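Only this structure's heavy atoms are used, side chains among them; waters, hydrogens and symmetry mates stay out. Quick caveat: nothing in here was measured; it's all calculated off a predicted structure.
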Amino acid sequence: MTTNPPVPTPRPKAPDNDLETIVPAQAAPPARESDSETTFPAHGKTFTRLPRRALTMWRAATALFTAAAALVVAGVGAVLVPRLWTAVPSWPGWCTAGAAAALGLLRFARLPARWARTGYHLADQELWIQTGLWSRTLAMLPYGRIQSVEVESGPLQRRYQLVSVIVATGSFHSFWLHNMDVTAADEIRDQLLRAAQEQQVAL
């Protein structure tokens, strides 16, 4: 009886030191906005811009309002009225709807510039708020006049995780900081209340 010789077991090949080890690339951390993107200079001060979600919310609201206004004007002026009064042509309604859409597009196009020039500044003794683009408004509120600070949000603001800070004074007048980040709004509220208490104690 013939016996086959044992087959040698192959040994695992040692790794070649000349080959480079491939290391999986790690995901880059998310880019953070630089100071130049979150602040802007105005009136000798450095104002803090609103979060970019505010600009996104403005765009959504403007687009919805423009579309609704154009549809209503077109439906009434170009469809309903000519059907009720055959002597009235439809082209004035279409022209009015086109004008409404053009105004909405113009408003939509200037939203980034409006966002870039809207913000607030917390000074040592007062709060500064700048709003507007073509007609800019600069408001100043001394901390000593602050009576209460509230934070509230509407349905569209909650969709974009934004809130409004309402600063009430003793003269039944309120200052509004619209479309703030939730965390920043809480910090600003606490800071304003603390500064108001210190100013009133000093007086």
Side-chain angles (χ1 to χ4, degrees), residues 32-69 100 103-203:
R32 298 181 61 182
E33 293 182 346
S34 61
D35 293 339
S36 60
E37 295 178 345
T38 58
T39 61
F40 65 93
H43 308 283
K45 302 173 179 61
T46 300
F47 285 76
T48 302
R49 287 194 181 104
L50 301 177
R52 284 192 173 273
R53 293 193 305 276
L55 175 59
T56 304
M57 190 194 72
W58 288 350
R59 285 173 170 170
T62 302
L64 291 175
F65 179 81
T66 301
L103 290 176
L105 291 176
L106 177 62
R107 182 181 178 86
F108 187 91
R110 69 185 182 90
L111 286 177
R114 174 190 170 192
W115 170 81
R117 306 303 299 178
T118 300
Y120 62 93
H121 172 71
L122 296 173
D124 294 335
Q125 303 292 331
E126 63 275 339
L127 166 67
W128 295 82
I129 303 174
Q130 176 173 293
T131 58
L133 177 60
W134 292 335
S135 179
R136 295 180 183 175
T137 301
L138 180 65
M140 186 272 291
L141 174 63
Y143 294 146
R145 293 179 53 193
I146 296 177
Q147 297 294 324
S148 64
V149 182
E150 299 179 356
V151 177
E152 67 176 25
S153 62
L156 191 58
Q157 286 180 317
R158 289 193 293 270
R159 169 65 178 80
Y160 292 92
Q161 298 179 357
L162 299 171
V163 296
S164 294
V165 179
I166 309 170
V167 185
T169 66
S171 57
F172 300 99
H173 183 71
S174 298
F175 287 74
W176 291 70
L177 284 170
H178 290 291
N179 304 321
M180 299 285 299
D181 181 78
V182 177
T183 303
D186 293 337
E187 294 176 354
I188 291 174
R189 177 192 57 191
D190 297 340
Q191 186 173 351
L192 290 176
L193 290 175
R194 183 168 55 253
Q197 185 178 6
E198 293 175 355
Q199 290 288 335
Q200 292 172 0
V201 169
L203 294 176

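In this structure, the side chain of Arg49 engages the main chain of Ala116 through a donor-acceptor pair within 3.5 Å. In this structure, the side chain of Arg53 engages the main chain of Tyr160 through a donor-acceptor pair within 3.5 Å. For Tyr143 (side chain) and Ala123 (main-chain N/O), a donor-acceptor pair under 3.5 Å exists by modelled atom type. No side-chain donor-acceptor contact under 3.5 Å links Arg107 to the backbone of Thr62.
Taking both residues in full, the closest heavy atoms of Ser164 and Gln157 are given as OG-NE2, 2.9 Å, listed atom of the first, atom of the second, then distance. The two residues Phe175 and Ala139 have their closest heavy-atom pair at CE2-CB, 3.6 Å. Pro142 and Glu126 get closest at one heavy-atom pair: CA-CB, 3.8 Å. Scanning both residues, Asn179 and Ala54, for their nearest heavy atoms gives CB-CB, 3.7 Å. Across all non-hydrogen atoms, the minimal contact from Ala100 to Thr66 is O-CG2, 4.1 Å. Summarising the geometry of Phe108 relative to Pro112, their closest heavy-atom pair is O-CD, 3.9 Å, with the distance given to 0.1 Å.
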### Task
May I have the step-by-step check of side chain to side chain contact (heavy atoms under 4.5 Å, CB included) for Leu127 and Leu122, ending in yes or no?
CA-CA 5 Å; Leu127 166 67; Leu122 296 173; 3.3 Å; yes
### Chi angles and distances behind the side chain to side chain contact (heavy atoms under 4.5 Å, CB included) call for Glu152, Ile166
CA-CA 8 Å; Glu152 67 176 25; Ile166 309 170; 3.4 Å; yes
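With Leu50 as the partner, the side-chain contact (heavy atoms from CB on, under 4.5 Å) test is satisfied by one option alone out of Thr118, Leu162, Leu55: Thr118.
To the nearest 0.5 Å, atoms CD (Gln161) and OG1 (Thr183) are separated by 9.0 Å. Atom CG in Asp181 sits 9.0 Å away from atom CD1 in Ile188 (nearest 0.5 Å). With rounding to the nearest 0.5 angstrom, the CG atom of Asp186 is 10.0 Å from the CE atom of Met180. Between Arg194 atom CZ and Arg189 atom CZ the span is 11.5 Å, to the nearest 0.5 Å.
When side chains are defined from C-beta on, Leu111 counts as touching Arg114, because their heavy atoms get closer than 4.5 Å. Using a 4.5 Å heavy-atom threshold, the side chains of Thr169 and Ile146 count as separate. Side-chain contact between His43 and Met140: absent, with no pair of heavy atoms (C-beta onward) separated by less than 4.5 Å. At least one side-chain heavy atom of Leu141 sits under 4.5 Å from a side-chain heavy atom of Val167. Residues Tyr120 and Trp128 fail the side-chain proximity criterion, which asks for heavy atoms closer than 4.5 Å.
No more than 12 heavy atoms of other residues, nucleotides or ligands lie within 6.0 Å of CZ in Arg159, so this atom counts as exposed by the packing criterion.
If you check the side chains of Gln130 and His121, you find no donor sitting under 3.5 Å from an acceptor.
A cation-pi contact links Arg110 to Trp134, judged by a cut-off of 6.0 Å to the six-membered ring centre and 45° from its axis.
Between Phe47 and Phe40, the two ring planes are parallel [angle under 30°; tilted spans 30° to 60°].
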